[in-house]
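Before any comments, here is the structure.
Quick note: numbers below take in every heavy atom, side chains included, and nothing from hydrogens, waters or symmetry partners. The residues of the chain are indexed from 1 along the displayed sequence.
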Amino acid sequence: MEAEQPSSVTALRSTTMIETRDGTRLHFRDWGAGRPIVFVAPWGLNSDWWDAPVLSFSQHGWRCVTFDRRGHARSDDPCRGYDFDTLADDIAAVLDGLDLQNIVLVGHSMGGAEVVRYLTRYRSHRVTHAVLIAPTTPFPMKTDDHPVGTTRETIEKTRESLKHDLPRLAAEAAPGFFGVPKNSVSTETMEWWYRMFLDRVSVKVLSDLFTLMNEADFRTELRTIRTPTLILQGDIDKSAPLELHGRPTHELIAGSQFLVYENAAHALPYTHTDRMLADIVAFAGA
């Protein structure tokens, strides 16, 4: 799982693309000036998801870097590499390609699991603070030694449904994702969200990553993290329930901080942007 030290990552940079060690080109955005904060998107979404937070952070003296995961939006789909080690290597390629230091590394949902794998695989190289927002860690699946998760049968059933009725599933999931009606979110915003699933990533990639994030067990790995870590989670999150994800992740990372947002769902970075900004600044400093 642990990678060779970062010199082994070859990251070639063009104007808006970084080439990873396996030749996959990742699209990135680099906005603002100041201390770098790097954002990793949730399952099925791309760097567009971070537009509202990046606008706020960049106006408050931060250098904001986002990128499209392989197989998403403007990045290449190499038809391989959809595992957490490779996804962590892709994060490393972005950080090395831009030569970032003293980074606050932020991951949302599955992006939180990618951040965890980066921290353990690269020994937190370049990163001084980590923020996990509604992470899919530590372990979503129900097993003999983890009786509170989702059954393998349910996971497989959902994965199969992605192949046959993704447009309906995505549209129906939008209100719960944003926490409507407790959070006021327009129909157009919800459509913008689910169109990312339908238009910017293949069903094959969605399916592979859905299986990956639901079957990955990070329990042992989380105990090894020594990087200062902040965990943010909403109390009405249906996508990654608080007691299955945020709280046990906090309990496994020694010294981590854990904040629960009242009436926030999985879309916390969009619906509670200002509070998230304040909490990250208070945690990591400027």
Side-chain angles (χ1 to χ4, degrees), residues 29-42 45 47-67 95 100-116 118-119 124 126-137 177-186 189 192-193 225 227-243 245-247 249-251 253-286:
R29 290 168 167 167
D30 187 357
W31 292 349
R35 185 179 176 189
I37 181 168
V38 179
F39 299 90
V40 186
L45 302 185
S47 61
D48 294 351
W49 172 244
W50 295 111
D51 282 359
V54 162
L55 181 60
S56 295
F57 275 87
S58 62
Q59 291 174 341
H60 287 82
W62 291 81
R63 178 183 179 183
C64 301
V65 175
T66 62
F67 66 96
L95 306 190
L100 303 177
Q101 305 288 342
N102 191 26
I103 298 164
V104 179
L105 185 57
V106 181
H108 181 198
S109 192
M110 192 189 98
E114 292 168 78
V115 167
V116 168
Y118 175 83
L119 296 178
S124 301
R126 299 181 181 270
V127 175
T128 53
H129 292 83
V131 181
L132 309 179
I133 304 171
T136 58
T137 55
F177 183 87
F178 285 94
V180 174
K182 288 189 176 182
N183 297 299
S184 180
V185 178
S186 69
T189 293
W192 162 76
W193 172 79
I225 292 176
T227 305
T229 302
L230 173 66
I231 300 158
L232 306 177
Q233 180 114 42
D235 66 352
I236 60 169
D237 191 331
K238 296 180 179 179
S239 301
L242 176 67
E243 299 301 329
H245 294 282
R247 194 177 304 282
T249 295
H250 161 60
E251 292 169 351
I253 300 177
S256 62
Q257 298 181 31
F258 181 41
L259 299 178
V260 178
Y261 286 29
E262 184 178 0
N263 292 330
H266 206 54
L268 180 157
Y270 189 91
T271 59
H272 293 69
T273 304
D274 291 343
R275 179 179 172 186
M276 182 185 75
L277 169 62
D279 287 337
I280 292 176
V281 170
F283 165 68

Side chain Arg35, main chain Ala284, donor-acceptor under 3.5 Å: yes

Check: Asn263 side chain, Lys182 main-chain N or O, donor-acceptor pair, under 3.5 Å: no

Taking C-beta and beyond as the side chain, do [X] and [Y] meet within less than 4.5 Å on heavy atoms?
{"X": "Pro269", "Y": "Trp49", "answer": "yes"}
{"X": "Leu95", "Y": "Tyr118", "answer": "yes"}
{"X": "Phe283", "Y": "His129", "answer": "yes"}
{"X": "Asp30", "Y": "Arg63", "answer": "yes"}
{"X": "Val131", "Y": "Leu105", "answer": "no"}
{"X": "Thr189", "Y": "Tyr270", "answer": "yes"}
{"X": "Ile37", "Y": "Ile280", "answer": "yes"}
{"X": "Val65", "Y": "Leu100", "answer": "yes"}

Can you confirm whether the side chains of Ser109 and Thr136 place a donor and an acceptor under 3.5 Å from each other? no

Non-hydrogen atoms of Pro36 and Gln101 that approach each other most closely: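 In terms of heavy atoms, the two residues are closest at CG-O, 3.1 Å.
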
Can you name the closest pair of heavy atoms from Ala240 and Pro135 and give their distance?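 Here Ala240 and Pro135 meet closest at CB-O, 4.0 Å.
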
Apply side chain to side chain donor-acceptor pair (under 3.5 Å) to the pair Ser256 and Thr229, showing each step before the final yes or no. CA-CA 5 Å; Ser256 62; Thr229 302; over 6 Å; no

Ring pair (Phe, Tyr, Trp, His ring centres under 6.0 Å), that's the test. Do Phe39 and Phe57 meet it? Break it down for me. CA-CA 11 Å; Phe39 299 90; Phe57 275 87; 5.7 Å; yes

Anything under 30° is parallel, anything over 60° is perpendicular, the rest tilted; go ahead and classify Phe258 against His250.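 Geometry flag for His250 against Phe258: parallel rings.
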
Mind telling me whether His108 and Phe177 have parallel, tilted or perpendicular rings, with 30° and 60° as the class edges?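 Ring orientation of Phe177 relative to His108: tilted.
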
Criterion salt bridge (charged side-chain N to carboxylate O under 4.0 Å, His left out) on Asp48 and Arg29, from CA distance to verdict: CA-CA 10 Å; Asp48 294 351; Arg29 290 168 167 167; 3.1 Å; yes

Quick check with a 6.0 Å cut-off and a 45 degree axis cone: is Arg275 positioned over the face of Tyr261's six-membered ring?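 The answer is yes; both the distance and angle limits are met.
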
Apply side chain to side chain donor-acceptor pair (under 3.5 Å) to Thr273 and Ser56, showing your working. CA-CA 8 Å; Thr273 304; Ser56 295; 5.7 Å; no

